[in-house]
Amino acid sequence: MVAVAAQKELVDRNPNYNHRVVIGDSRRMTEVTDESVHLTVTSPPYPMVAVWDDFFTEVSASSYDAMHEYLNETWREVRRVLVPGGIACINIGDATRTRDGIFHLYPNHSRIIEKFEKLGFVILPYVLWKKPTTKPHYKGKGAFLGSGFLPPNAYVTLDMEYILIFRKGPPRSFPPKDPRRYDSKFTKKERDEWFSQVWNVPGVRQDLDGLERRVAAFPEEIPRRLIRMFSILGDVVLDPFLGSGTTLKVAMDLDRKFVGYEKLQQLAEVVRRKVESDHRQVEFLEQGKTEYSV
């Protein structure tokens with residue numbers, strides 16, 4: 001039998017809760033112990049995408065390099081809290097912007113890959129998420145980039161996002177015939193679809209009053225697939241950029257434990273509504289303070 005290390009406690013306080021939301025900054029996840037998380041699933045703020053400009057301005061990250069250095073602090077924490085063999089799945093899109101009259105492409109996905117490689121992660125094949133509802137926009141207009149039907153000055157439209165997948169060292173080990181692992185298996189149809197590189201999953205409408213510029217939720221199908229693919233029943237899932245709580249809801253549905261971080265305190269109520277009748281199973285904490293309740 002392969003030796004398996006005992007699972008560390010997710011958060012040092014109140015072990016009666018399996019699901020926790022920390023209202024705070026994921027660059028310092030002091031509430032989470034080392035090597036206690038099995039899977040990270042998240043969609044961070046996208047550098048150089050207008051919907052997140054205010055977010056990065058508020059944290060004094062005005063340049064492209066500064067935006068990624070802000071995210072890098074969280075990625076370093078992700079490495080600390082993941083178990084050996086743990087997986088990190090990062091949903092990110094590239095960006096385009098015209099500055100000083102010059103068109104620029106900002107390859108966010110490659111910056112994140114480079115950072116995870118420097119952190120010592122194994123870089124696994126990524127997924128390309130094609131969102132059928134995505135319409136090309138340029139300067140606020142629903143049109144393809146460039147000069148329409150006339151060559152040669154048009155640009156390929158960005159209608160894909162990346163789901164980057166990283167592993168912390170060698171694969172996880174399990175005892176032979178581990179029942180939790182076998183109870184977590186997927187079907188052949190699921191395997192064939194999920195482990196293909198291109199996913200066609202519709203996006204979701206962003207309709208949170210007053211917060212739509214700060215919350216760009218991905219559809220439940222994205223974290224549902226990733227949690228089924230890269231964790232087993234009872235594992236701990238982390239989302240360091242929780243937003244409206246989609247990953248939490250899906251983790252609860254799939255019988256995984258969960259911890260999430262979100263900087264905006266007012267989103268705690270949005271998260272509570274997301275999990276509906278199950279919200280009393282979720283402990284809300286305010287970083288550095290006493291228990292936070294909604």
| task | Can you measure from OG1 (T57) to CZ (F55) and round to the nearest 0.5 angstrom? | result | 10.5 Å
| query | Is the F186 ring parallel, tilted or perpendicular to the F195 ring (thresholds 30°, 60°)? | reply | tilted
| Exercise: identify the closest heavy-atom pair between A61 and M67 | O-CG, 3.5 Å
| query | Do side-chain atoms of D192 reach the backbone of K189 as a donor and acceptor pair under 3.5 angstrom? | reply | no
| field | V198 reachable from L164 in the ILVMFWY side-chain graph, under 4.5 Å edges | value | yes
| said: Looking at every non-hydrogen atom in both residues, tell me the closest pair between T247 and V237 and how far apart they are. | reply: CG2-CG1, 4.2 Å
| said: Could you check whether any side-chain heavy atom of Q281 comes within less than 4.5 Å of a side-chain heavy atom of V275, counting everything from C-beta outward? | reply: no
| query | Does the side chain of R224 come within less than 4.5 Å of L254's, by heavy atoms? | reply | yes
| If you measure from CG on D94 to CE on M160, what distance do you get to the nearest 0.5 Å? | 12.0 Å
| query | To the nearest 0.5 Å, how far apart are CG in D255 and CZ in R180? | reply | 11.5 Å
| task | State, with a plain yes or no, whether a side-chain heavy atom of W75 is found less than 4.5 Å away from one of L119. | result | yes
| said: With a 4.5 Å cut-off on side-chain heavy atoms, are I222 and W199 touching? | reply: yes
| Do any N or O atoms from the side chain of Q197 and from the backbone of P125 form a donor-acceptor pair under 3.5 angstrom? | no
| request: Considering non-hydrogen atoms only, spot the tightest contact between V271 and G243 and give its length. | output: CG2-O, 3.6 Å
| said: If I compare all heavy atoms of P47 with all of A95, which pair ends up nearest, and what's the gap? | reply: O-CB, 3.6 Å
| query | side chain to side chain contact (heavy atoms under 4.5 Å, CB included) between M29 and V259: does it pass, once the steps are laid out? | reply | CA-CA 10 Å; M29 293 189 284; V259 60; over 6 Å; no
Using residues 82-93 as the side-chain source, report each donor-acceptor pair under 3.5 Å to any protein atom, sequence neighbours left out, with the distance given to one decimal.
unit_1: N91; atom_1: OD1; unit_2: S43; atom_2: OG; d: 3.1
unit_1: N91; atom_1: OD1; unit_2: Y46; atom_2: OH; d: 3.3
unit_1: N91; atom_1: ND2; unit_2: E161; atom_2: OE1; d: 3.2
unit_1: N91; atom_1: ND2; unit_2: Y162; atom_2: O; d: 3.2

| Would you find more than 12 non-hydrogen atoms of other residues, nucleotides or ligands less than 6.0 Å from R97 atom CZ? | yes
| query | Between atom CG of L264 and atom CD of E269, what is the distance when rounded to the nearest 0.5 Å? | reply | 14.0 Å
| message | With heavy-atom distances below 4.5 Å as the criterion, would you say the side chains of L242 and L267 are in contact? | response | no
| said: I'd like to know if the side chain of D25 and the backbone of R27 have a donor-acceptor N/O pair within less than 3.5 Å. | reply: yes
| field | Same cluster (ILVMFWY, side-chain, under 4.5 Å), V59 and V51 | value | yes
| query | In the single-linkage hydrophobic clustering (I, L, V, M, F, W, Y; side-chain heavy atoms under 4.5 Å), do L233 and L238 co-cluster? | reply | no
| request: Answer yes or no: is there a side-chain heavy-atom contact under 4.5 Å between K115 and H68? | output: no
| task | Search all heavy atoms of T246 against all heavy atoms of P223 and return the closest pair with its distance. | result | CG2-CG, 4.0 Å
| field | Point-to-point distance, once rounded to the nearest 0.5 Å, from CZ of F241 to OG1 of T42 | value | 6.0 Å
| field | E73 and R80: CA distance, side-chain angles, deciding distance, salt bridge (charged side-chain N to carboxylate O under 4.0 Å, His left out) verdict | value | CA-CA 11 Å; E73 293 186 61; R80 177 184 67 81; over 6 Å; no
| CA sep, side-chain torsions, deciding dist, call: Y261, E31, side chain to side chain donor-acceptor pair (under 3.5 Å) | CA-CA 10 Å; Y261 279 75; E31 295 79 10; 2.5 Å; yes
| request: Any chance you could lay out the side chain to side chain contact (heavy atoms under 4.5 Å, CB included) test for I112 and F166, step after step, and finish with the verdict? | output: CA-CA 10 Å; I112 293 176; F166 309 100; 4.2 Å; yes
| field | Salt-bridge present (R225, E221; N to O < 4.0 Å) | value | yes
| said: Can you confirm whether L71 sits close enough to P45 that some side-chain heavy atom of one is under 4.5 Å from a side-chain heavy atom of the other? | reply: yes
| request: Would you check if V250 and I227 make a side-chain contact, meaning some heavy-atom pair closer than 4.5 Å? | output: yes
| Roughly how far apart are E283 CD and H19 NE2, rounded to 0.5 Å? | 11.5 Å
| said: Salt bridge check, R172 against D178: does any charged N sit closer than 4.0 Å to a carboxylate O? | reply: no
| query | When you measure from the centre of the six-membered ring of W194, is the NZ or CZ of R228 under 6.0 Å away and within 45° of the axis? | reply | no
| remark: Shortest non-hydrogen pair, I23 vs A268, comes out as CD1-CB, 4.0 Å
